[in-house]
Number of protein chains: 2
Amino acid sequence: MSAEYTNPLFTVDSVLFTVKNEQLLVLLVKRAQAPFIGDWGLPGGFIDEKIDNNTDATARRKLQAKTGLSPAYLEQLQAISGPDRDPRGFSVTLAYFALVAYQDVSPQIASVESASWIALKDLAKLNLAFDHLHIIEAARQRLQQKTLYSMTPVFCLPTQFTIAQLKSVIETIIEKPIQRKSLMRRIEASDIFEISEEKIPSGGRMAQLYTLKPGADLVNFERNLSL
Amino acid sequence: MSAEYTNPLFTVDSVLFTVKNEQLLVLLVKRAQAPFIGDWGLPGGFIDEKIDNNTDATARRKLQAKTGLSPAYLEQLQAISGPDRDPRGFSVTLAYFALVAYQDVSPQIASVESASWIALKDLAKLNLAFDHLHIIEAARQRLQQKTLYSMTPVFCLPTQFTIAQLKSVIETIIEKPIQRKSLMRRIEASDIFEISEEKIPSGGRMAQLYTLKPGADLVNFERNLSL
DNA sequence: CCATATTAGTGTCTCTGTGACACTATGTCA
DNA sequence: TGACATAGTGTCACAGAGACACTAATATGG
């Protein structure tokens with residue numbers, strides 16, 4: 001084997017989800033550069049070796065540029081590669097999947113023309129760059145799976161939240177109603193939540209606010225919620 | 001932003017596992033080129049854009065070169081990146097995790113000096129190139145997790161196998177005994193196995209041989225085996 | 001001030017699948 | 001033929017999800 005090799009074009013793209021009004025939203029940006037100028041695409045770009053210590057940092061930096069802050073949750077999804085997915089040549093995209101609370105980033109998003117929350121059900125109407133539609137679908141499936149066996153969806157909520165809010169977010173993600181009781185059992189069993197001092201009005205009895213325990217890691221439950 | 005960007009060194013490496021004599025083994029190769037000449041490392045290398053249609057093909061090609069065949073199971077594990085992991089500069093490695101039956105590849109391995117099966121418990125004694133030890137550990141954890149909720153370990157067995165063999169492989173991977181009964185229930189429920197014509201002697205009653213149904217996909221169970 | 005509606009939270013039964021383990025079945029070997 | 005070994009089954013206990021009725025607390029309207 002020779003020392004020569006072809007190094008593919010390498011980019012990092014993120015699928016940033018949030019939930020708002022029982023709708024799963026994804027952050028898209030209007031592309032200002034070729035290829036696919038004018039189309040919607042995932043926020044992302046090239047590694048900046050001077051700034052980024054690794055690809056996670058690249059994903060965070062690119063998301064921060066669009067939303068004003070680092071996402072509450074970020075994990076690697078998948079690398080997608082091929083000779084034809086980018087007209088400039090063989091390319092590899094490392095896709096990330098991330099979550100934020102809508103409230104945390106909405107002002108920044110609203111102030112920027114180039115970025116926008118799009119409901120997942122409206123994606124079909126848009127022209128998406130590259131295979132980004134496919135990547136979003138893969139991210140959504142991963143999010144759904146994780147929701148069945150973990151509390152990942154809390155990262156779509158502000159630091160203080162009620163059980164009803166969490167239930168609603170979960171139901172939006174898996175597109176199925178769940179039992180309030182099952183959720184409470186899991187909250188209890190996971191031991192990663194704290195009962196806040198406050199309660200907030202809800203139309204009926206006051207709702208207890210919860211927060212994530214500082215430094216607590218997500219737990220995986222041994223059983224899935226049923227789909 | 002300028003059109004300039006730094007494109008990192010990009011490689012594909014695979015963690016190929018098998019199980020033999022109640023031991024989890026990983027395929028390592030002795031590095032013939034810099035960096036880390038003479039150390040053990042994961043089989044892998046650069047994409048060949050003329051041959052490889054994507055990174056999966058790169059992983060398969062590199063594994064075939066060492067084992068003589070494409071692995072029975074292959075999935076993306078994780079990309080690892082950083083400025084210091086490769087002395088040549090900022091690099092990204094896309095790690096794959098793969099499984100084969102020991103019998104299927106052992107003749108080829110035995111005939112090659114540069115590749116060898118190493119028991120996981122013996123890894124600490126070796127000098128491993130790059131952060132390959134860390135990657136192997138991540139792959140092992142993924143394999144363990146998957147074993148708790150799927151039949152992934154069948155890919156460490158030849159096409160025909162007994163329940164006792166599958167049980168042994170699973171126990172080796174998760175390092176805990178499981179109930180024969182639980183395994184049989186899962187085999188039944190998954191509906192991806194076929195009862196073969198044959199039985200083989202086992203020291204006692206003859207053991208039924210099973211095969212994977214052709215074209216059957218792995219199923220994920222809703223509950224984990226308990227660790 | 002009380003009745004009613006509304007949402008929060010609990011009690012408890014059913015259901016399903018794992019863990020445990022004894023029991024039956026069928027092979028080998030002395 | 002009987003002891004032993006491994007294959008495979010029957011069945012009970014246990015844990016956690018689903019279902020759903022019940023209690024608790026707050027708002028609103030007469």
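Reckoned from all heavy atoms, side chains included, excluding hydrogens, waters and symmetry mates. Throughout, protein chains are lettered first and strands after them, A, B, ... in sequence-line order, and every chain is numbered starting at 1.
The separation between M184(B) atom CE and dT18(C) atom P is 14 Å, rounded to whole Å. One atom, CD1 of I170(A), and another, P of dA17(D), lie 12 Å apart when rounded to the nearest Å. Residue K181(B) contributes atom NZ, which lies 10 Å from atom P of dT11(D) at whole-angstrom precision. The interatomic distance linking M206(B) (CE) with dT28(C) (P) rounds to 7 Å, in whole Å. Remark: C1' of dG8(D) and CG of L209(B) are 15 Å apart, rounded to the nearest angstrom. Between the NZ atom of K167(B) and the C1' atom of dT6(D) there is a distance of 11 Å, rounded to whole Å. R180(A) has its CZ atom 15 Å from the P atom of dC22(D), to the nearest Å. Distance E188(B) CD to dG10(D) P: 11 Å, rounded to the nearest Å.
A donor-acceptor contact shorter than 3.5 Å links the side chain of S202(B) to the backbone of R205(B).
No contact: I178(B) has no heavy atom under 4.0 Å from any strand. Among the heavy atoms of the strands, none lies under 4.0 Å from K199(B). As judged by a 4.0 angstrom heavy-atom cut-off over every strand, Q208(B) is placed among residues touching the sugar-phosphate backbone only. Residue-level contact check: R185(B) touches the bases, meaning some heavy atom is under 4.0 Å from a base atom. Counting non-hydrogen atoms under 4.0 angstrom, A164(A) reaches the backbone sugars and phosphates but no base.
Regarding contacts with the backbone of dT18(C), every side-chain N or O of Q179(B) stays at 4.0 angstrom or more from both OP1 and OP2. Within the structure, a side-chain polar atom (N or O) of R186(B) is placed less than 4.0 Å from OP1 or OP2 of dT18(C). In terms of phosphate contacts, S226(B) brings a side-chain nitrogen or oxygen within less than 4.0 Å of OP1 or OP2 of dG19(C).
A cation-pi contact, defined as under 6.0 Å to the ring centre and within 45° of the axis, links R186(B) to F221(B).
Here dA8(C) is the nucleotide among dA8(C), dT9(D), dT10(C) with the atom lying nearest to any side-chain atom of R205(A).
Taking the six-membered ring for Trp and the full ring otherwise, F10(B) and F10(A) have centroids separated by under 6.0 Å.
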Check your understanding: Would R223(B) and E222(A) count as a side chain to side chain contact (heavy atoms under 4.5 Å, CB included) if you check the C-alpha gap in whole Å, the side-chain angles of each, and the deciding distance to 0.1 Å?
Key -> CA-CA 6 Å; R223(B) 301 190 193 179; E222(A) 292 205 342; over 6 Å; no

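In summary, of the residues considered (T55(A), T58(A), D13(A)), a side chain to side chain donor-acceptor pair (under 3.5 Å) with Y96(A) occurs for T55(A) alone.
Both A207(B) and E222(A) sit near DNA chain D, but only A207(B) has its closest nucleotide nearer the 5' end. Judged by closest nucleotide on DNA chain D, S182(A) is the one of S182(A) and G204(A) placed further toward the 5' end. Heavy-atom nearest nucleotides on DNA chain C were determined for G203(B) and for L225(B), and the one closer to the 5' end corresponds to L225(B).
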